[in-house]
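These numbers come from the heavy atoms of this one structure, side chains and all, not from hydrogens, waters or symmetry mates. All residue numbers in this chain count up from 1 along the given sequence.
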Amino acid sequence: MKLLFNSGEHTNAKPIMLLLLRLSAGGFMLYGHGLRKWDKLMGGGEISFADPFGIGPQATLGLVVFAEVLCAVLLVLGLFTRWALIPLAFTMLVAAFYIKSGKPFGDREMALLYLLLFAVSYVFGPGKYSLDAYFEKRKG
């Protein structure tokens with residue numbers, strides 16, 4: 001415990017926990033959701049996907065793939081972190097409150113958990129162990 005905590009403060013734990021949060025939230029989104037949708041988008045043929053904004057199932061799937069693949073990778077890397085979190089959080093808002101509208105809480109739970117992880121990541125930022133921090137340090 002002494003390695004993580006300094007005089008009772010969480011000064012050393014915070015950057016490690018932010019790294020763990022980014023790696024897990026982004027990694028789980030990418031491998032658990034994004035890559036399957038990427039395969040669906042690139043597979044050719046008829047695409048059956050929700051179209052909550054009336055732009056067509058293929059365009060909607062493309063936007064979701066952008067969020068769940070590209071933005072998830074940026075989150076893992078800690079690069080343009082807060083910008084990447086916006087499409088991810090928006091996708092989870094739509095999933096929880098539009099796509100799963102009227103369904104039991106258990107059906108919405110995963111989207112809400114991701115939304116919470118993304119909100120916490122947005123508020124606290126990418127942390128010390130991120131490409132954002134690396135480039136910021138090099139600038140100044």
Roughly how far, to the nearest 0.5 Å, is the [atom2] atom of [Y] from the [atom1] atom of [X]?
X      : Y      : atom1 : atom2 : result
Phe124 : Thr81  : CZ    : OG1   : 15.0 Å
Leu93  : Leu115 : CG    : CG    : 5.0 Å
Trp38  : Phe66  : CH2   : CZ    : 12.5 Å
Ile55  : Leu61  : CD1   : CG    : 10.5 Å

Evaluation steps, side-chain contact (heavy atoms from CB on, under 4.5 Å), between Val94 and Phe53: CA-CA 10 Å; Val94 172; Phe53 302 107; 3.8 Å; yes

Going hydrophobic residue to hydrophobic residue with side-chain gaps under 4.5 angstrom, can you get from [X] over to [Y]?
X      : Y      : value
Val73  : Leu35  : yes
Trp83  : Tyr122 : yes
Leu70  : Val64  : yes
Ile47  : Val69  : yes
Val123 : Tyr129 : no

Considering only heavy atoms from C-beta outward, does the side chain of Asp107 approach that of Pro104 to under 4.5 Å?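 In short, these two side chains touch, coming nearer than 4.5 Å.
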
Applying side chain to side chain contact (heavy atoms under 4.5 Å, CB included), name anything that partners [X], two or more places apart in sequence or on another chain.
X      : value
Ala95  : Ala111
Glu109 : Phe105, Leu113
Leu79  : Leu74, Leu77, Leu131, Asp132, Phe135
Ala50  : Pro52, Ile99

Please find the pair of heavy atoms, one from [X] and one from [Y], that lie closest to each other, and give the distance.
X     : Y      : value
Gly27 : Val76  : N-CG2, 3.5 Å
Ala84 : Leu75  : CB-N, 4.5 Å
Ala96 : Leu112 : CB-CD2, 3.7 Å
Ala67 : Thr91  : CB-OG1, 3.4 Å
Pro87 : Cys71  : CG-SG, 3.7 Å
Ala72 : Leu88  : N-CD1, 4.1 Å

Taking only residues at least two apart or on different chains, which pairs with a member in [range] satisfy salt bridge (Lys or Arg N to Asp or Glu O under 4.0 Å)?
range           : answer
residues 52-73  : Lys37-Glu68
residues 38-59  : none
residues 15-26  : none
residues 94-103 : none

Could you go through the side-chain contact (heavy atoms from CB on, under 4.5 Å) check for Lys128 and Ile16 one step at a time? CA-CA 8 Å; Lys128 177 178 166 181; Ile16 293 168; over 6 Å; no

Sequence neighbours left out, what passes ring pair (Phe, Tyr, Trp, His ring centres under 6.0 Å) with Tyr114? Give chain and number order.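 Partners of Tyr114 by the ring pair (Phe, Tyr, Trp, His ring centres under 6.0 Å) criterion, ordered by chain and then number, come out as His33, Phe118.
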
Greater than 12 external heavy atoms within 6.0 Å of Phe49's CZ: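 Yes, because the 6.0 Å sphere around CZ of Phe49 holds more than 12 heavy atoms from other groups.
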
Can you list the residues that meet the side chain to side chain donor-acceptor pair (under 3.5 Å) rule with Tyr134, with sequence neighbours excluded?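 Result, side chain to side chain donor-acceptor pair (under 3.5 Å) vs Tyr134: Arg138.
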
Any residue meeting salt bridge (charged side-chain N to carboxylate O under 4.0 Å, His left out) with Lys137, in chain and number order, not counting sequence neighbours: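 Lys137 satisfies salt bridge (charged side-chain N to carboxylate O under 4.0 Å, His left out) with no residue once adjacent residues are dropped.
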
Hydrophobic cluster mates of Leu20, side-chain heavy atoms under 4.5 angstrom, ILVMFWY only, any path?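 For the cluster that includes Leu20, the remaining residues are Met17.
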
